[in-house]
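Heavy-atom basis, side chains included; hydrogens, waters and symmetry copies ignored.
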Amino acid sequence: MSGRRIVKQRRRADVGIIGGGLAGLSLAYYLSQFHDLKILVIDDGMPKPDHIWGFWDNGSPHLALAREQALSQWWHWQVAAPGNAHVMRGEGYHYYAVSSASYMKALADKCARANVRFINGTVMKTSINEDYTRMLMKDEQIVTAHHVFDTVNYIAPYDCMKQHFLGQHIRVNKNSFNPGQIMLMDFRVPQQDGIHFMYLLPFSEKKAFIESTVFSQTQLEPEWYREQIAQYINRSLHLKNEQVTVLKEEVGVLPMSKVKSKQGEGCIPFGVAANAMRASSSYAFAQINRQAYDYARAETLLWGVPEAGADFFERWMDDVMLDVLTKNPELAPHLFSRMAQKVPADDFARFMNGRSGFVPKFRTINAMPAGPFLKTIVGI
Ligand SMILES: Cc1cc2nc3c(=O)[nH]c(=O)nc-3n(C[C@H](O)[C@H](O)[C@H](O)COP(=O)(O)OP(=O)(O)OC[C@H]3O[C@@H](n4cnc5c(N)ncnc54)[C@H](O)[C@@H]3O)c2cc1C
């Protein structure tokens, strides 16, 4: 006889969600707001180190909780390349930053208040049984639900370009930052190890988050990013090492590519597994929130695969952009600073968020240098 046990349930869950990260909890929260469903979230409880989520918004309903939780918001964002710095001034759109730990706690509290149930465990395999899906857990228990969403099983091509970074929350001993404006991308840094830029979020005149980000295939040693940040602080902010205190650090590696869902039998891919992440930027926060909100607010749930973070044309544009950057990494500073100069800030934000209209797409294409893009498009 098998030692597997079916977890005792008063009533089989209507919805099971594999993964209690941003995608899983956002989906659970919005489903609980719009429908009367018995929802179960299963998470393996792996540590989730706190980090910053940055995103653009213009007051959309799917980001209401995120705006409430924001550490700060900015109207102006700058892109700088050698000999060329341009500030984009958002009108409807602002750039926000939230702490992932605080946001996830707020989301988990909302879910708990809406009677979403949490199970701590690892889902190993799923299978279909009559009109429900069985989830086999690592401890051999079996959990069942009528509809199961999988936010964790997907793969990106192993050799794809990646965005890898190390960020530091710093405090300095003299007023050095302009809290009204972020540095979205500063390419005035060494470019030998990949497409490299600094990202700086000033929280006050003395406190900021600063990150060294690289687009390339290979992650670098932590010391490399630390050294880049230290040099940048010395050179651009004219601060000596002893004037800077590093409060905490965060690191990450994100794929810059479409991903392929590897969901098991009877599962609906969701979140990054359903391509919520923008391939050309790895932004996923606003996109996952929108995906969950739009899916859940449908009057009749159809249980299909949700919409990706970008529409078909934007995904094609992302592919072209990544191909151009892979073949011509030296063009990146020029390309992004051209975008900052030529695309109005709100259209830039709309395009970054994905599922934008004709105008932001047209303006973005129009800002691109024609030669390398045409070569990629005609496959030269
Ligand atoms: C450091 C960092 C910074 C980022 N910054 C930004 C940003 O500024 N802006 C932006 O838009 N995006 C950003 N992103 C990208 C994006 O927002 C995140 O990747 C987002 O957290 C994805 O959420 P998720 O739910 O898909 O995955 P996760 O948050 O990884 O959640 C998946 C959960 O499932 C659990 N799990 C895995 N396997 C199983 C299993 N078999 N059974 C049960 N549970 C399982 C994991 O432990 C985890 O808790 C950042 C990502 C990182 C890592």
Side-chain angles (χ1 to χ4, degrees), residues 13-55 57 60-71 96-123 126 133 135 137 143 145-154 250 252 254 259 261 263 267-277 282-298 301 303 305-309:
D14 298 305
V15 174
I17 300 174
I18 307 174
L22 177 66
L25 290 200
S26 304
L27 179 62
Y29 170 52
Y30 289 120
L31 282 175
S32 74
Q33 297 306 294
F34 290 106
H35 301 275
D36 180 20
L37 293 166
K38 191 173 175 212
I39 302 167
L40 196 62
V41 176
I42 303 160
D43 190 86
D44 60 9
M46 293 298 277
K48 299 174 184 46
D50 186 25
H51 64 80
I52 293 279
W53 269 316
F55 62 96
D57 188 41
S60 54
H62 57 272
L63 290 166
L65 180 62
R67 286 194 302 276
E68 247 174 58
Q69 293 288 321
L71 298 167
Y96 294 81
V98 291
S99 135
S100 67
S102 311
Y103 185 73
M104 290 304 288
K105 169 145 191 346
L107 205 47
D109 288 348
K110 295 252 180 215
C111 287
R113 260 179 261 134
N115 292 324
V116 170
R117 207 153 68 86
F118 292 90
I119 291 185
N120 184 257
T122 305
V123 177
T126 59
T133 298
M135 290 169 273
M137 315 284 285
V143 180
H146 287 290
H147 303 280
V148 171
F149 292 90
D150 182 347
T151 70
V152 303
N153 290 301
Y154 56 88
E250 59 181 65
L254 303 169
V259 303
S261 164
Q263 90 270 11
C267 293
I268 304 161
F270 210 87
V272 178
N275 276 302
M277 188 177 269
S282 303
Y283 272 86
F285 181 81
Q287 293 79 356
I288 287 174
N289 273 284
R290 184 183 56 216
Q291 191 182 63
Y293 180 88
D294 285 352
Y295 196 92
R297 77 178 170 153
L301 290 167
W303 310 109
V305 176
E307 285 189 327

**Asked** To the nearest 0.5 Å, how far apart are OG in Ser32 and NZ in Lys38?
**Response** 15.0 Å
**Heavy-atom check, side chain of Ile268 versus side chain of Pro306, under 4.5 Å** = yes
**Minimum-distance pair of heavy atoms, taken over all atoms of Gly121 and Ile42** = O-CG2, 3.5 Å
**Item:** Side chain proximity check, Val259 to Asn275, heavy atoms < 4.5 angstrom
**Value:** yes
**Lys48, NZ atom: more than 12 neighbouring heavy atoms under 6.0 Å** = yes
**Message:** Nearest 0.5 Å, please: how far is OG in Ser60 from CZ in Arg67?
**Reply:** 5.5 Å
**Pairing residues for Tyr103 by the ring pair (Phe, Tyr, Trp, His ring centres under 6.0 Å) criterion, not counting sequence neighbours** = Phe285
**Request:** For Arg297 and Phe34, indicate whether the former's side chain and the latter's backbone hold a donor-acceptor pair under 3.5 Å.
**Result:** no
**Prompt:** Are side-chain heavy atoms of Val15 and Phe149 found at a separation under 4.5 Å?
**Reply:** yes
**Request:** Indicate yes or no for a side-chain donor-acceptor contact from Asp43 to the backbone of Gly19 under 3.5 Å, with no hydrogens or angles considered.
**Result:** no
**Fill in**
Taken to the nearest 0.5 Å, the spacing of Glu307 CD from Asp294 CG works out to 6.5 Å
**Asked** Do Gln291 side-chain atoms and Gly271 backbone N/O form a donor-acceptor pair below 3.5 Å?
**Response** yes
**Side chain proximity check, Val123 to Met137, heavy atoms < 4.5 angstrom** = yes
**Asked** About how many Å separate NE2 of His146 and CG of Leu37, when rounded to the nearest 0.5 Å?
**Response** 10.5 Å
**Asked** With a 4.5 Å heavy-atom cut-off, do Tyr154 and Pro269 have their side chains touching?
**Response** no
**Shortest non-hydrogen contact from Ala106 toward Gln69** = CB-NE2, 3.5 Å
**Fill in**
What one should report as the nearest heavy-atom pair of Ala114 and Gln33 is CB-NE2, 4.3 Å
**Request:** Quick one: list whatever passes ring pair (Phe, Tyr, Trp, His ring centres under 6.0 Å) with Tyr96, sequence neighbours left out.
**Result:** Phe55
**Point-to-point distance, once rounded to the nearest 0.5 Å, from OH of Tyr30 to NE2 of His35** = 13.5 Å
**Prompt:** Out of curiosity, Ile18 CD1 to Ile119 CD1, how far, rounded to the nearest 0.5 Å?
**Reply:** 11.5 Å
**Asked** Would you say the side chain of Ile52 lies within less than 4.5 Å of the side chain of Leu71, judging by non-hydrogen atoms?
**Response** yes
**Prompt:** Taking all non-hydrogen atoms of both residues, which atom of Asp150 and which atom of Cys267 are closest, and how far apart?
**Reply:** CB-CB, 4.0 Å
**Prompt:** Ile288 versus Trp53: any side-chain heavy-atom pair under 4.5 Å?
**Reply:** no
**ring pair (Phe, Tyr, Trp, His ring centres under 6.0 Å) involving His147 - partner list, sequence neighbours excluded** = Trp303
**Message:** Restricting to non-hydrogen atoms, name the atom on Tyr293 and the atom on Pro61 that form the minimum distance, rounded to 0.1 Å.
**Reply:** OH-CB, 3.4 Å
**Asked** If every non-hydrogen atom of Thr151 is compared with every non-hydrogen atom of Gly24, which pair is closest and at what distance?
**Response** CG2-N, 3.8 Å
**Message:** For the backbone of His51 and the side chain of Ser100, can you confirm whether one donor and one acceptor N or O come within less than 3.5 Å of each other?
**Reply:** yes
**Asked** Does a side-chain heavy-atom distance below 4.5 Å link Asn289 with Leu22?
**Response** yes
